[in-house]
Amino acid sequence: MDDTDSKVNLGSIPLFALNVTVRKKLGLFLNPKHTVAADWTAVAETMGFSYLEIKNFEASKNPTKAVLDDWAARNSEASVGKLVSILEEVERKDIVEDLQPLIDEDVRKYLETQKKKAEPPVQVPEVDSCVPRTPERSGITVDDVPGGNPEMFDAFICYCQSDFEFVLEMIKELEQTEYNLKLCVFDRNVLPGSCVWTITSELIERRCKRMVVVISDEYLDSDACDFQTKFALSLCPGARSKRLIPVKYKSMTKPFPSILRFLTVCDYTRPCTQAWFWVRLAKALSLP
């Protein structure tokens, strides 16, 4: 363990702080069936998964990722520190040592983001225009009014660039119709020049009632989408507040993300339900 670990309680760092790179490398270590070293099944068993659950994970292309996602979704105590302890418990300290620099970097970025979110208002007039004056960080969206209330939205849209055509259709169907909903689309609503992770967290947690996740094969490879989804799930474990709504609009060659499989999906790919798609989505986003 290095200086980062001696100063930071990794048990307080949520699992979603680890980005896609670390998760993929964990899979490279744990997915292969070893004759000596413990693999992903030992990790899953230590996490408390049953025999049948572990057998179901075997069908996944990346069982390590599926286990981590499911563990984070169902366990409020899932943290970076707990994961490290489990790896050490199953005698895979080699993984911890190899990934320590990447874990430290992800933890540093997470803490930096949290620190920026908690920064108090700056009182110096000369820099007032450059630093947010309220905890809500006014001045981050196109329609924010300096000194006024922050712009609020019905939903934050989580998407990757290859799915932007569908996002434009979503704007047309939900904003420019009788539903009159207000969507937060990063490329349209957010002003340039701010820290992406800090602003994204602020919008999801404080400015948007819900988040729509546009699921596709490309979504599964997006670091930004991965962060946004896991951050939103951390705000509503168990989906009690119905805050996150997955949308599938085209067929996929990759498995549906396991971390979202316990949520009801709004599926545009089924011809028999397409006529109800926009009505269902609009109603869900209109809930108080």
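- Contacts classified as side chain to side chain donor-acceptor pair (under 3.5 Å) and involving residues 271-281 (residues at least two apart or in different chains) are not found.
- Looking only at distances, no side-chain donor or acceptor of Arg92 sits under 3.5 Å from a matching main-chain atom of Ala37.
- Between the side chains of Thr269 and Asp267, a donor-acceptor pair is found at a separation under 3.5 Å.
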Task: From CA spacing to verdict: salt bridge (Lys or Arg N to Asp or Glu O under 4.0 Å), Glu105, Arg108 - done: CA-CA 5 Å; Glu105 178 63 13; Arg108 184 192 66 77; 2.6 Å; yes
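- More than 12 heavy atoms of other residues, nucleotides or ligands sit less than 6.0 Å from atom CZ of Arg188.
- Side-chain atoms of Asp163 and Tyr219 include no donor-acceptor pair closer than 3.5 Å.
- Residue Leu191 is not grouped with residue Leu203 when hydrophobic side chains (ILVMFWY) are merged at heavy-atom distances under 4.5 angstrom, including chains of intermediate members.
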Open item on the list: What verdict does the side-chain hydrogen bond (donor to acceptor under 3.5 Å, both in side chains) test give for Thr253 and Asp217, after you've listed the backbone C-alpha separation in whole Å, the side-chain angles of each residue and the deciding distance to 0.1 Å?
Closed with: CA-CA 7 Å; Thr253 59; Asp217 287 337; 2.8 Å; yes
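- The existence of a salt bridge linking Asp154 and Lys209 is confirmed by a sub-4.0 Å separation between a basic side-chain nitrogen and an acidic carboxylate oxygen.
- Salt-bridge formation is not detected for the pair Lys172/Glu169: no Lys NZ or Arg NE/NH1/NH2 atom is positioned less than 4.0 Å from an Asp or Glu carboxylate oxygen.
- Side chains of Asp70 and Ser258: a donor-acceptor N/O pair is absent below 3.5 angstrom, by distance only.
- Ring-centre distance between Tyr159 and Phe164: below the 6.0 Å cut-off.
- Residues meeting the salt bridge (charged side-chain N to carboxylate O under 4.0 Å, His left out) test with Glu91, sequence neighbours left out: none.
- Looking at Glu97 and Lys93, no side-chain N of the basic residue comes within less than 4.0 Å of a carboxylate O on the acidic one, giving no salt bridge.
- Tyr179 and Met152 are members of different hydrophobic clusters when ILVMFWY side chains are connected at heavy-atom separations under 4.5 Å.
- In terms of modelled atom types and a separation under 3.5 Å, the side chain of Asp221 and the main chain of Glu218 share no donor-acceptor contact.
- Using modelled atom types, no side-chain atom of Arg210 and backbone atom of Ser286 make a donor-acceptor pair closer than 3.5 Å.
- Linking Ile, Leu, Val, Met, Phe, Trp and Tyr whenever their side-chain heavy atoms come within less than 4.5 Å puts Val265 and Val279 in one cluster.
- Of the charged side-chain nitrogens involved, at least one lies within less than 4.0 Å of a carboxylate oxygen, so that Lys55 and Glu58 count as a salt-bridged pair.
- Residues satisfying the ring-ring contact (aromatic ring centres under 6.0 Å, His included) criterion with Phe256, sequence neighbours excluded, are absent altogether.
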TODO: Please step through side-chain hydrogen bond (donor to acceptor under 3.5 Å, both in side chains) for the pair Asp187 and Gln161, ending with a clear verdict.
DONE: CA-CA 9 Å; Asp187 290 295; Gln161 290 301 315; 2.8 Å; yes
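- Residues Glu53 and Ser50 bring a donor and an acceptor atom of their side chains to less than 3.5 Å of each other.
- Between Glu205 and Arg243 there is no salt bridge, since no side-chain nitrogen of the basic residue lies less than 4.0 Å from a carboxylate oxygen of the acidic one.
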Return all side-chain donor-acceptor pairs below 3.5 angstrom for residues 19-29, not counting sequence neighbours, or 'none' if the list is empty.
residue, atom, partner, partner atom, Å
Asn19, OD1, Thr21, N, 2.9
Asn19, OD1, Val22, N, 3.2
Asn19, ND2, Asp106, OD1, 3.1
Arg23, NE, Leu18, O, 3.0
Arg23, NH1, Asp69, OD1, 3.4
Arg23, NH2, Leu15, O, 3.0

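- The pair Asp226-Lys65 does not count as a salt bridge, with every side-chain nitrogen at least 4.0 angstrom from each carboxylate oxygen.
- Phe186 pairs by the ring-ring contact (aromatic ring centres under 6.0 Å, His included) definition with nothing, not counting sequence neighbours.
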Under 3.5 Å, which donor-acceptor pairs link side chains of residues 41-49 to any protein atom two or more places apart or in another chain?
residue, atom, partner, partner atom, Å
Thr41, OG1, Asp39, OD1, 2.4
Thr46, OG1, Ala42, O, 2.8

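- A heavy-atom distance below 4.5 Å is not found between the side chains of Glu151 and Val145.
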